[in-house]
Amino acid sequence: MSEDDNNSEEYPTEIHDYLAAFEKSLGSVDEMLKTMMSVSRSELLQKLDPLEQAKLDLVSVYALNSMFWVYLATQGINPKDHPVKQELERIRTYMNKVKEITDKKKASRLDKGAASRFVKNALWEPNAENEHSSKTPAKGKKRQ
């Protein structure tokens, strides 16, 4: 009997693709964690601006709590009834706040001076030459 035959008896074959994808994802997480752990946290944070530091912290804590959610599920505990659910919701709230800040930074800003000059130059303004050649009489003058 080969090892694959032995493994196929332990779980239904319908979930084999799901388990393979899960194992690949775990490998990616492990690789990312090794990369993050290779640099000290203080050294990493020095290279980032405060907004990027907040993003890093939020992603880290979200990933940790998500892994704990999965752990609870594998232990037969319903994570929806566990305080980890409220913690994940709290983290999502802060992630949305950081996203709003990022979006505000990216939003285009109006240069009021340039806009007023543009509007002023785009509008027609009567000048002395146009007043004399106008077909309509000026106010206060009698027509002869």
Side-chain angles (χ1 to χ4, degrees), residues 1-140:
M1 254 173 122
S2 71
E3 188 176 333
D4 288 337
D5 291 337
N6 208 10
N7 287 340
S8 65
E9 293 175 13
E10 295 177 20
Y11 61 88
T13 56
E14 299 88 36
I15 64 169
H16 178 74
D17 291 338
Y18 295 111
L19 290 174
F22 180 68
E23 184 177 22
K24 183 178 177 185
S25 296
L26 279 178
S28 298
V29 169
D30 187 43
E31 186 178 312
M32 183 60 69
L33 284 174
K34 285 179 181 174
T35 303
M36 284 184 65
M37 298 302 207
S38 67
V39 179
S40 73
R41 180 171 165 73
S42 60
E43 185 179 325
L44 182 63
L45 291 178
Q46 286 176 351
K47 296 177 183 177
L48 301 174
D49 64 22
L51 189 59
E52 294 297 321
Q53 290 176 8
K55 286 180 182 180
L56 177 66
D57 288 341
L58 286 169
V59 167
S60 299
V61 75
Y62 191 83
L64 184 63
N65 280 283
S66 295
M67 285 189 261
F68 187 66
W69 175 286
V70 172
Y71 171 76
L72 290 173
T74 61
Q75 298 302 308
I77 300 169
N78 185 359
K80 292 179 182 177
D81 299 332
H82 195 275
V84 72
K85 182 179 184 210
Q86 287 82 21
E87 183 65 14
L88 284 168
E89 289 171 1
R90 186 179 73 87
I91 296 165
R92 270 192 221 118
T93 302
Y94 286 114
M95 290 175 110
N96 288 334
K97 287 181 181 181
V98 167
K99 185 178 184 311
E100 287 175 17
I101 292 169
T102 304
D103 291 346
K104 282 182 183 178
K105 277 188 166 184
K106 289 181 183 177
S108 61
R109 298 200 177 165
L110 177 65
D111 183 355
K112 291 180 183 179
S116 66
R117 288 189 303 273
F118 178 76
V119 171
K120 182 179 177 183
N121 291 329
L123 295 175
W124 178 80
E125 290 184 19
N127 57 23
E129 294 171 9
N130 290 341
E131 285 181 15
H132 296 298
S133 64
S134 175
K135 293 181 181 179
T136 59
K139 290 184 182 178

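This structure is a prediction, so every number in the text was calculated from the model and none was measured. Numbers here simply count residues along the sequence, with the first being 1. FYI, side chains are in, hydrogens and waters are out, and symmetry mates aren't considered; it's all heavy atoms of this structure.
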Please name all residues satisfying side chain to side chain donor-acceptor pair (under 3.5 Å) with Tyr62, sequence neighbours left out, ordered by chain then number.
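Result, side chain to side chain donor-acceptor pair (under 3.5 Å) vs Tyr62: Arg92.
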Residues forming a side chain to side chain donor-acceptor pair (under 3.5 Å) with Asp57, sequence neighbours excluded
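Asp57 satisfies side chain to side chain donor-acceptor pair (under 3.5 Å) with Arg41 only.
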Lys120 side chain near Arg117 side chain, heavy-atom distance below 4.5 Å:
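The answer is no, as the side chains (C-beta and beyond) never meet within the 4.5 Å cut-off.
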With heavy-atom distances below 4.5 Å as the criterion, would you say the side chains of His82 and Trp69 are in contact?
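Counting from C-beta outward, His82 and Trp69 never come under 4.5 Å.
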To the closest 0.5 Å, what do you measure between [atom1] ([X]) and [atom2] ([Y])?
{"X": "Ser25", "Y": "Asp30", "atom1": "OG", "atom2": "CG", "result": "12.5 Å"}
{"X": "Gln53", "Y": "Gln46", "atom1": "CD", "atom2": "CD", "result": "9.5 Å"}
{"X": "Leu88", "Y": "Met95", "atom1": "CG", "atom2": "CE", "result": "10.0 Å"}
{"X": "Met67", "Y": "Leu33", "atom1": "CE", "atom2": "CG", "result": "5.0 Å"}

Which atom names give the shortest non-hydrogen contact between [X] and [Y], and what distance separates them?
{"X": "Leu58", "Y": "Ile91", "result": "O-CG2, 4.0 Å"}
{"X": "Lys85", "Y": "Lys80", "result": "CD-O, 3.6 Å"}
{"X": "Pro79", "Y": "Val84", "result": "O-CG1, 4.0 Å"}

With Lys97 via side-chain contact (heavy atoms from CB on, under 4.5 Å) - residues at least two apart:
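Testing Lys97 for side-chain contact (heavy atoms from CB on, under 4.5 Å), a comparison that skips the adjacent residues, returns Thr93, Tyr94.
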Using 4.0 Å as the upper bound for N to carboxylate O, is an ion pair formed by Lys55 and Glu52?
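The answer is yes: the pair qualifies as a salt bridge.
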Heavy-atom count around Gln75 CD within 6.0 Å, excluding the residue itself: above 12?
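Yes.
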For Glu89, does the CD atom have more than 12 heavy-atom neighbours from other residues, nucleotides or ligands under 6.0 Å away?
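Correct, the count exceeds 12.
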